[in-house]
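Structure first, commentary second.
By convention here, the first residue in the shown sequence is residue 1. In listed order, ligands and their atoms are each counted from 1.
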Amino acid sequence: MNFSIKDKIVFITGATSGIGKACAIAFAKEGSNLIITGRRKERLDELLRLITDNYNVKVLAHKLDVRNRREVESFVSGLPEKWRKIDILVNNAGLGRGLNPLFEDDIEGWEEMIDTNIKGLLYVTRFVVPGMVERGKGHVINIGSIAGHEAYKGGGVYCATKHAVAAITKSLRMDLLGKGVRVSTVDPGMVETEFSIVRFYGDEEKAKKVYEGIKPLTGEDVADAVVFCATRPPHANINEMIVMPAVQANVFMTYREQS
Ligand code: NDP
Ligand code: 8X3
């Protein structure tokens, strides 16, 4: 049975697009109040309007780059009283850059992936979780990836960042044992979002090819899984959930219809 998360406070990173945006809407449907963050403020404002026009929940939208440790710390420590008691943290912000062989890859892309997917997730976790520990309740839900279970050609650094998310998830769960704070990871396969457009630096044609001949997951499919984790009763935890398109067996094998 679902445990109600109505009136809970849910903090989502990377809510301007894809999985994060779908999570915001899915949690709003459950009656949760939302702290939505990301770097594109106009998109956050648009999402705030969409949610407050359609659901009876409160939304706080704040421009936040998770790579900026000071910005993360001052935002979390400066939250207004009524937003301080964060119940659920969805660590979703992340990106891939390129699919080049490691030995000739763009180092800037590595920095971006490591700073966002690993260090950004760590900063947000470091500043949000102490409040959860103090209150003896909370739930951290990380968005990992199938790339955290397997490595593929050209994905050396992206896969390494998602393997890091898997390790951080496991360790944090042990650190928090007995403190009333749960830790889950939702690890999707191919999801059609802006992920591939970002990975290929805005090349939409190349991005489209990734999903040619298949029915990929949507952000909403992943949000369903995240909400499922969040709505387990407090004595139960989903440690890890791998969510794949039905036509994708693993990172190497995808069944594609020929056009
Ligand atoms: P999108 O590109 O659609 O969304 C990525 C989100 O991350 C955006 O809201 C973006 O917001 C945010 N983001 C990126 N960098 C930063 C930053 N420095 N600070 C704050 N927010 C940031 O991709 P997805 O929705 O697909 O990606 C979400 C997560 O899902 C990522 O962690 C990704 O690795 C993971 N994932 C994706 C899969 C896929 O196939 N799409 C599969 C498995 C996992 P903004 O640019 O406004 O800051
Ligand atoms: C993003 C999906 O298949 O490129 O995590 O690893 S994949």
Interfacing atoms of ligand 2 (cut-off 4.0 Å, heavy-atom, F195): 1 (C)
Nearest-option assignment for atom 18 (N) of ligand 1, heavy atoms, candidates V243, I12, D65: D65
Atoms of ligand 2, numbered as shown, that sit under 4.0 Å from any heavy atom of A147: 6 (O)
Atom 1 (C) of ligand 2 [closest protein heavy-atom partner, distance rounded to 0.1 Å]: Y158 OH, 3.3 Å
Best match, N117, L64, L217: closest heavy atom to atom 20 (C) of ligand 1: L64
Close approach, K162 and ligand 2, non-hydrogen under 4.0 angstrom: no
Value rounded to 0.5 Å, distance of CG in L122 from CZ in R69: 11.0 Å
Q248 N/O under 3.5 Å from ligand 2 N/O: no
Residue-ligand contact S196/ligand 1, heavy atom below 4.0 Å: no
Minimum-distance protein heavy atom relative to atom 3 (O) of ligand 2: I146 CG2, 4.1 Å
Geometric N/O contact I19 with ligand 1, under 3.5 angstrom: yes
Identity and distance of the protein heavy atom lying nearest atom 2 (C) of ligand 2: S145 OG, 4.1 Å
Closest protein heavy atom to atom 4 (O) of ligand 2, given as residue, atom name and distance to 0.1 Å: Y152 OH, 2.9 Å
